[in-house]
Amino acid sequence: MIEPFVESDIPSFIALAREEGWVCGAWEFQFLLQNFPQGCLAWREEGKTLGYITSLRHENSGWIGNLLVTSEARRRGIGAKLMEGALDALLSSQEATVWLTASAKGVGLYRKLGFLPIDSINRWKGKGTSDPRAERLPHQDLQTMREVDRAGWGDRRDGLLDVTVGRGWSYCGEHSFLCCQPWEEGTQIGAWGALMETQAELLLDRALGGLLGPVFLDVPAGNLAAASLLTKRKFSIAGSNTLMYLGAQPSYDNKKIFALASMGSMG
Ligand SMILES: CC(C)(COP(=O)(O)OP(=O)(O)OC[C@H]1O[C@@H](n2cnc3c(N)ncnc32)[C@H](O)[C@@H]1OP(=O)(O)O)[C@@H](O)C(=O)NCCC(=O)NCCS
């Protein structure tokens with residue numbers, strides 16, 4: 001049966017997610033449980049937890065993530081029940097649009113529930129340039145970040161931006177921002193947004209100049225400028241998911257979104 005996802009579920013979820021190759025950390029779940037606990041659920045049978053899902057609320061939209069069913073319990077309808085539970089929670093709190101990124105295993109399930117594809121999200125991998133001439137001093141301007149992010153996603157996502165900015169460092173320029181987040185696997189770039197490619201490029205070089213090891217980021221495939229900037233810097237695509245939505249058509253402008261804030265699960 002469906003029960004709340006609670007703090008003590010976090011270590012077992014992370015262990016399962018690592019088996020799937022997902023990048024996630026405990027801070028993410030602490031944030032999700034604080035932001036919208038009614039949309040974070042677990043499927044339990046006889047004291048065993050067989051599946052998980054999380055949801056996040058923005059101002060007018062929601063995001064479903066972290067749908068994961070243990071391999072031995074798959075194809076029994078648990079994934080669909082968890083999705084229904086999360087959707088009920090988001091729709092009863094009046095979210096106009098619900099987003100998610102779908103892995104190849106998840107697309108069929110989401111299509112049946114009415115989700116429509118709107119873009120692909122490519123995982124790009126590369127390296128920092130550790131350029132001694134680069135300006136390393138981070139500069140943070142929350143107001144710019146919020147406005148540029150809203151121009152891309154058509155919604156205010158202040159809570160998500162605050163938590164991602166808070167766990168790393170960020171650069172801001174004219175109508176542009178770029179956040180860096182540290183992970184065991186390397187540095188994630190994202191959220192990264194800009195109204196123009198030239199502004200995005202300045203911040204990318206500033207960020208890469210301060211980094212040496214592996215760098216990865218999740219980028220809307222429809223942002224061709226981002227692809228060109230990354231290709232020129234010898235980044236390549238390591239995987240891809242489908243960005244899908246349900247409900248009101250969002251005012252989504254992928255030319256202003258250069259990288260997602262999270263590794264898929266929060267947008
Ligand atoms: C994707 C995932 C969550 C689906 O969970 P699940 O519990 O297997 O999902 P369901 O059982 O509700 O549905 C999965 C499929 O089984 C089918 N199914 C459901 N009940 C069934 C049953 N009793 N007998 C046979 N098939 C069944 C569904 O019709 C669905 O078919 P589809 O593949 O054509 O869409 C699971 O495969 C998983 O955890 N994968 C790894 C992580 C992942 O990719 N998560 C998604 C991230 S976007």
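Note that the numbering runs from 1 along the sequence shown for the chain. Read the numbers this way: they start at 1 and go in the same order the structure lists the ligands and their atoms.
Atom CZ of R44 is surrounded by more than 12 heavy atoms from other residues, nucleotides or ligands within 6.0 Å.
With no hydrogens or angles considered, no side-chain donor-acceptor pair links Q34 and Q30 at under 3.5 Å.
In this structure F235 satisfies the ring-ring contact (aromatic ring centres under 6.0 Å, His included) test with no other residue, sequence neighbours excluded. Residues satisfying the salt bridge (charged side-chain N to carboxylate O under 4.0 Å, His left out) criterion with E84, sequence neighbours excluded, are absent altogether.
In this structure, M145 belongs to a hydrophobic cluster whose other members, linked by side-chain heavy atoms under 4.5 Å apart, are L142, V148, L161, V165, F177, L195.
When heavy-atom distances to ligand 1 are checked against 4.0 Å, the residues falling inside are E20, W22, L67, L68, V69, R74, R75, R76, G77, I78, G79, A80, T101, A102, S103, K105, G108, L109, Y110, K112, ordered by chain and number.
Atoms CD1 and CG, from I64 and L87 in turn, are 4.0 Å apart once rounded to the nearest 0.5 Å.
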